[in-house]
Engineer: 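There's a structure below that I have some questions on.
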Amino acid sequence: MAMPSPPRQETMAPHERMGAIMMGQKPDRVPFSPFIFGFCAKNVGLPVSTVYEDAEKSFFAQLRTAEMYGYDGAPLYGYASYGGWEFGGDIKMPRSRWEQAPVVAHYPVESEEDVDRLELPDVERAGSLPISMTFSRLQEKFGMPITVQLVGVVTLVGELCSVDRMCRWMIKRPELVHKLMRKAVDHLVDVAKLWVDTFPVERMQPFVGDATSANQVISPKQFEEFALPYQKEVHEKVLDMGVMSMFNHICGEQNLNLPFWRQIPHGRDGVPGILSFGHEVDLTTAIEMFGEDNIIAGNVEPRLIQNGTPEEVFAACVACLEKGKQAPNYRYMLMAGCEVPVEAPPYNLFTMRKAVMEHGFYD
Amino acid sequence: MSALQERQELLHHIRDAVVDYDEEVTVELCSNAIQVGLDAYDVVANGLALGMEEVGQLYEQKEYFVPEVLMCSDAFYAGLQHLKPHIRSDAATGSGQVIIGTVEGDVHDIGKNLVKLMLEAAGFVVHDLGKDVPLDKFVQEQQRTGADIIALSALMTTSMLAIPVVIEKMRAVNPNVKILIGGAPVSQESVDLYGADGYAETAARAVDEARRLLDLPYQE
Amino acid sequence: MHTGNTPTVADRLVRLIHGEAPERVPFVPFILGFCAKDAGYPVSVTYEDAEKSFYTQLHTAEKYGFDGTPLYFYASYGAWEFGGEVKMPQSQWEQATMITQHPAESPEAVEALELPPVGATGSVPLALAFSRYQAEHQLPVIGAPQVGVFTAAGNISGVSKLARWLIKQPETAHTLLRKATDHLVDTVGLWVEHFDPAQVLPFIGEPTASNQIISPQQFETFVLPYQRELHEKILDMGINSIVCHICGDQTANLPHWQQIPFSRDGFPGLLSFDHRVDLQQAIDLFGADNIITGNVEPRMIQDGSPDEVYHLCVEKITIGKTAPRGYVLMSGCEVPVQAPPDNIRAMVQAIEDHGYYR
């Protein structure tokens, strides 16, 4: 991709740049990892569903798009409705041009009785996990972080029994939610274990996306009761396996949950986790609360990337960069606040890269 | 001259009149044929239609171009118009039914009209949906008519992308319907890429391809 | 033509036109609606909004590193301008403006057809506004007449009608072609009035005269005299070079095109060929006096893998580099709106890897 007379010359390769901020060292510029999936499939002329159904195509579509736009984020496999398919339900892949990602078509838990009957799936075979495994093998082969998806517990339970059932049960039948949380944790730990057994643990950086725990859905009190203990347990157990750092996308409006997220470990032995935030959370607040121990990533509003003019996108990126560059030890990377929309104008992604090239360099 | 010889000679002239795109002579000869008692369907199948087959070959050989082919088609239709009232209802050949149209987003229909004509000349019953046809309409029309083949035309690379969409929609409802595709940017490779059943580079070949898809014998 | 010191996206192309040997083959993809989509606009802005059309093209060129250069063009030119109707592309399957009503579908209508007031009808005001942006940005003013005489005539009457008249009523065809030619000449005159003729590069796309539609004999009778007249009159206005996209399979017409001038005073014309014309043959026939551009198959840019597109481009570049007056890598016709962006990058990559002259 052409960069008309860049103001500054890049002196690091993407992996060096990411490596630098992991070590708290100064990179040439702020790393740029857009958080982008279906867009990449479209960019190389494949249906969006490929990103979720075909590990190899997904990997190379993401890789080629990263090369094309010159960003630093490495390919990642994951989808926010993880759980339904893996526990025996059905999933519907995105087909029409209006669909962005898979959705659960039939939940494995549809009644109170189903809760007890629900069995932990075989992690070598269930749902998307074989695809995820193939994807991770490619990450290993290409020397990239191995990012198995361990979706957030609230999100996972919501995909097991549907979000509205989970919400009702939080009030009426809390014990059912706790039972499902238990199973969710055990499953996620099983998955992590399979990966740790398969890949060099120091290369791993599990990816936790948690959308359903947002305060648009549950209250901070409910987060404290139903999410915190279980989410913490997952992180502790995974870190105990020897994993050094986790990548956590704290999706949506989570301002009131932030104090709880602080109680959850994301890295260990001085290695930072990566915490990515939606545009609803102020970056400066995020840096103040989490920036000592973690890399902060975010948080350009996806709606703006889709509907905004290049000038608006540019301005939003510059605003993020100005805040982000204040993070201690250079621990910031520019990212969208959630997945870059499939229908986003490609030129707006290019504009994000332009903003990084013009305003992302460290003096 | 025997009746047989007379028939053969007349049909031969009709064929030539179509090839020579002589509309007036074509109609006059068709009128003669009816007067001397020839079967109207016989005149269509072994006179007019054979003429169009030859026209198709001339186009392929780059002897004829679109202007000539259009003129021939005018002669063909003029003759057909004259014969139609005389065709017995039991004379249909059962060659098969085809739905044809230029897909949504595309108004180019010269090629599509030629394919339609060649198919009609070969005895197919053709339902022409016209140009810029909404994609669902192909499926609805197939459901309504029970047609064996859907023939899709596109001249633009962009509208060509509507072809696999129609195919997917059609397969979802009835996987047995054969899909024939054509148009400038379309190729044999597109058949595999889009999951179609057949492709033809020219209107004349479209007839062979349609016959192949329905396991019908080739006609000489 | 701008030859100042500030480089523009069209710099490499402009230098080539001025006879300077470029360090590498320029890449001008022939890309319109794709650019609108890339910037998040509907494809229709390419044809109905001069400002957005211009800037989406300019930005896309900068983004991918093309050698420019924005262009206002649609192949249905003629219908709207003579009082017919067109429909802007709306659905995702539509690539360009389509004619919904032809202004003269009968011999009588052709007789009665009046030349539209110059510059006042159809897309002409838009194209003119577009050219102002080109001039403002010191880019080549690639403007009217947009199409060749036969395409304009076919758009006025409908191609099937025109095709029949070639045989049945040649005098009607000639009348129509006469009017189309006069209109196109008038329109180019408008550009010469508004811009420095030395900066103007008239663009002519001619799809309807292809041998998929008419025979080389019909070309000789009905296209050659009018098209030659158009070019001669354009060059007489002080314009140095004409850009001509010889669309479709025109192999059998090439000897006739050879009798048509594309430039004057030693400047090269720019001839762009469809993938159906052999690039080597195009160079042999036209390369001594013209820059040859082409001719990557658009369908491959849409449906092929990046590797296939890359190799196809390398093949073209290798042949093209032997062209004596220069070669420009281009798609054989407009880059499809739905082409995967990664395939455009593959084209850029091919130029970067193989486009440099040693």
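All values reported here derive from a predicted model rather than from experimental measurement. Proteins come first, then strands; the chains are lettered A, B, ... in the order of their sequence lines, and each starts at number 1. Values below: every heavy atom of this structure, side chains too, minus hydrogens, waters and symmetry copies.
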Engineer: Counting heavy atoms not belonging to K57(A), are there more than 12 under 6.0 Å from its NZ?
Structural biologist: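 Incorrect, the count does not exceed 12.
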Engineer: Please determine which of E62(C), K63(C), H59(C) meets the side-chain contact (heavy atoms from CB on, under 4.5 Å) test together with F350(A).
Structural biologist: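 Checked E62(C), K63(C), H59(C) against F350(A); only one passes side-chain contact (heavy atoms from CB on, under 4.5 Å): K63(C).
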Engineer: If you tally heavy-atom pairs under 4.5 Å against chain C, which of L349(A), T309(A), V44(A) wins?
Structural biologist: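 Most pairs with chain C among the choices: V44(A).
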Engineer: I want to check something: taking the side chain as every heavy atom from C-beta on, are K37(C) and P345(A) in contact at a cut-off of under 4.5 Å?
Structural biologist: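 A side-chain contact is absent here, since even the closest heavy-atom pair is not under 4.5 Å.
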Engineer: Using the rule given for side-chain contact (heavy atoms from CB on, under 4.5 Å), can you reason through M68(A) versus Y64(C), listing the C-alpha separation, both sets of side-chain angles and the distance that settles it, and then say yes or no?
Structural biologist: CA-CA 9 Å; M68(A) 177 171 170; Y64(C) 285 89; 3.3 Å; yes
Engineer: Counting C-beta onward and ignoring hydrogens, is there a side-chain heavy-atom pair between K42(A) and P340(C) closer than 4.5 Å?
Structural biologist: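 Counting from C-beta outward, K42(A) and P340(C) never come under 4.5 Å.
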Engineer: When rounded to the nearest 0.5 angstrom, what distance separates OH in Y347(A) from OH in Y55(C)?
Structural biologist: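 If we round to the nearest 0.5 Å, Y347(A):OH and Y55(C):OH are 11.5 Å apart.
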Engineer: Looking at Y330(A), I want to see if its OH is surrounded by more than 12 non-hydrogen atoms of other residues, nucleotides or ligands under 6.0 Å.
Structural biologist: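 Not buried by this count: 12 neighbours or fewer within 6.0 Å.
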Engineer: Nearest 0.5 Å, please: how far is CG in D342(C) from OH in Y69(A)?
Structural biologist: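 Here the rounded value is 9.5 Å.
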Engineer: Surrounding CD of Q216(A) (heavy atoms of other residues, nucleotides or ligands, distance under 6.0 Å), is the total greater than 12?
Structural biologist: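 Yes, enclosed.
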